[in-house]
Amino acid sequence: MRYPNDTEPVITLTSGPVNAYADVLRGLSRTVLYDYDPAFQLFYEKTVEKCQAAMRLSTKPVILQGEPVLGLEAAAASLIAPGDTVLNLASGVYGKGFGYWAKRYSPNLLEIETAYNEAIDPQAVADMLKAHPEISVVAVCHHDTPSGTINPINEIGALVAAHGAYLIVDAVSSFGGMNTHPEDCQADIYVTGPNKCLGAPPGLTMLGVSPRAWEKMKANNAAPRASMLSILDWENAWSKEEPFPFTPSVAEMNGLDVALDLYLNEGPENVWERHALTAKATRVGAVAMGLSLWAASESIASPTTTAVRTPQGIDENSLRQTARGHYGVVFSSGRGETMGKLTRIGHMGPTAQPIYSIAALTAYGGALNALGHRVDIGKGIDAAMAVIDAAA
Ligand SMILES: *Cc1c(COP(=O)(O)O)cnc(C)c1O
């Protein structure tokens, strides 16, 4: 084996965490300032403002001091009160998982669950809202990463807003890699983070919070306060005049600041375009090699992750181990229900570059060939290159 497990891989093509941009790594090495030094307080305020610009928010976002699972759990704990009826939309492992958190804070849980290679149908949401006027909170995962599929959150958000319910959106693995923002989908709490498409390490949550969500959280006596799970504690922390409830993750803020600069300076539209093109080249190449995509239709396939269905008779774990061992290329497995059934090729942040589709197809096809499942890698590369060159 050329690349044993105790050496670093050559190329990490995962669906998060991803290798950080080199500039972000340099940012992480900035001085760790004292949090009440005025220079840090000013820096923190400016970074929140960059985050606000990137998220295209009319309100100040909140930054929580832990990777985005913290933000998801905090959203459930803060927004969902014991009397709420929650409609959870589950088209995959993360969507389903949110329902377990929701249930901790209110026993009244309704769910729409699809097959994990499909997307939520807005008509089903409309029907459910009509049948259950008591629904007060709706939760949806935008890109259910372990399936590589996208839900129509802007359509769903319009329905939820018309119903008058609150909307919680998990956009952790889509924000920054495609055209999605909290106000586009009328989210009340929109959860994302630096460790997927923004190309920074895991360690922070970025939250978009609507004015009515602040009101609801403040009225909820059960919402965490003086707690790592609290959103309320951080409401005014963005201001250089206000205290922090606890010490912010100074080094992670340094990294996020650079990641936001890179995103805003490159131009969000350009960033989304290279994510979409890399994903398209990967999908077209995979199909040309005779492989099947996991997504039931290409229209719901994610621009930030391509999930390839594992060919029959192939052990998915061996496939990834072979790609890593022979070529030094790392892919993501499925999770939970999709584990063993698909491999995920990530196109996030620094690896959302079309040429990485060629490396991915080559390593994936090479691993299959090594395991005795013959595919024509050349056909895949030709097809992917045609997509890339047509866009040049
Ligand atoms: C990555 C991700 C998160 C954060 O969760 P981890 O599993 O801890 O990385 C949450 N939601 C989605 C959809 C994600 O892709």
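Atoms within each ligand, like the ligands themselves, are counted from 1 in listed order. On a predicted model such as this, the values are computed, not experimentally measured, just so you know.
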According to salt bridge (charged side-chain N to carboxylate O under 4.0 Å, His left out), who are the partners of Arg344, at least two apart in sequence or on a separate chain? none
Does Arg274 pair with Glu266 as a salt bridge, N-O distance under 4.0 Å? yes
Taking the side chain from Ser227 and the backbone from Pro224, do they hold a donor-acceptor pair closer than 3.5 Å? no
With sequence neighbours excluded, what pairs up with Trp272 under the ring-ring contact (aromatic ring centres under 6.0 Å, His included) test? His181
Are there any N/O pairs under 3.5 Å between ligand 1 and the protein, and if so, what are their distances?
unit_1   : atom_1 : unit_2 : atom_2 : d
ligand 1 : 7 (O)  : Tyr94  : OH     : 2.6
ligand 1 : 8 (O)  : Glu67  : OE1    : 3.0
ligand 1 : 8 (O)  : Glu67  : OE2    : 2.6
ligand 1 : 11 (N) : Asp170 : OD1    : 3.3
ligand 1 : 11 (N) : Asp170 : OD2    : 2.7
ligand 1 : 15 (O) : Thr145 : OG1    : 2.4
ligand 1 : 15 (O) : Ser173 : OG     : 3.4
ligand 1 : 15 (O) : Lys196 : NZ     : 2.7

Could you check whether Glu316 pairs with Lys341 (Lys NZ or Arg NE/NH1/NH2 to Asp/Glu carboxylate O, under 4.0 Å)? no
Just to verify, what does Ser249 make a side-chain contact (heavy atoms from CB on, under 4.5 Å) with, not counting sequence neighbours? Gln65, Leu204, Glu252
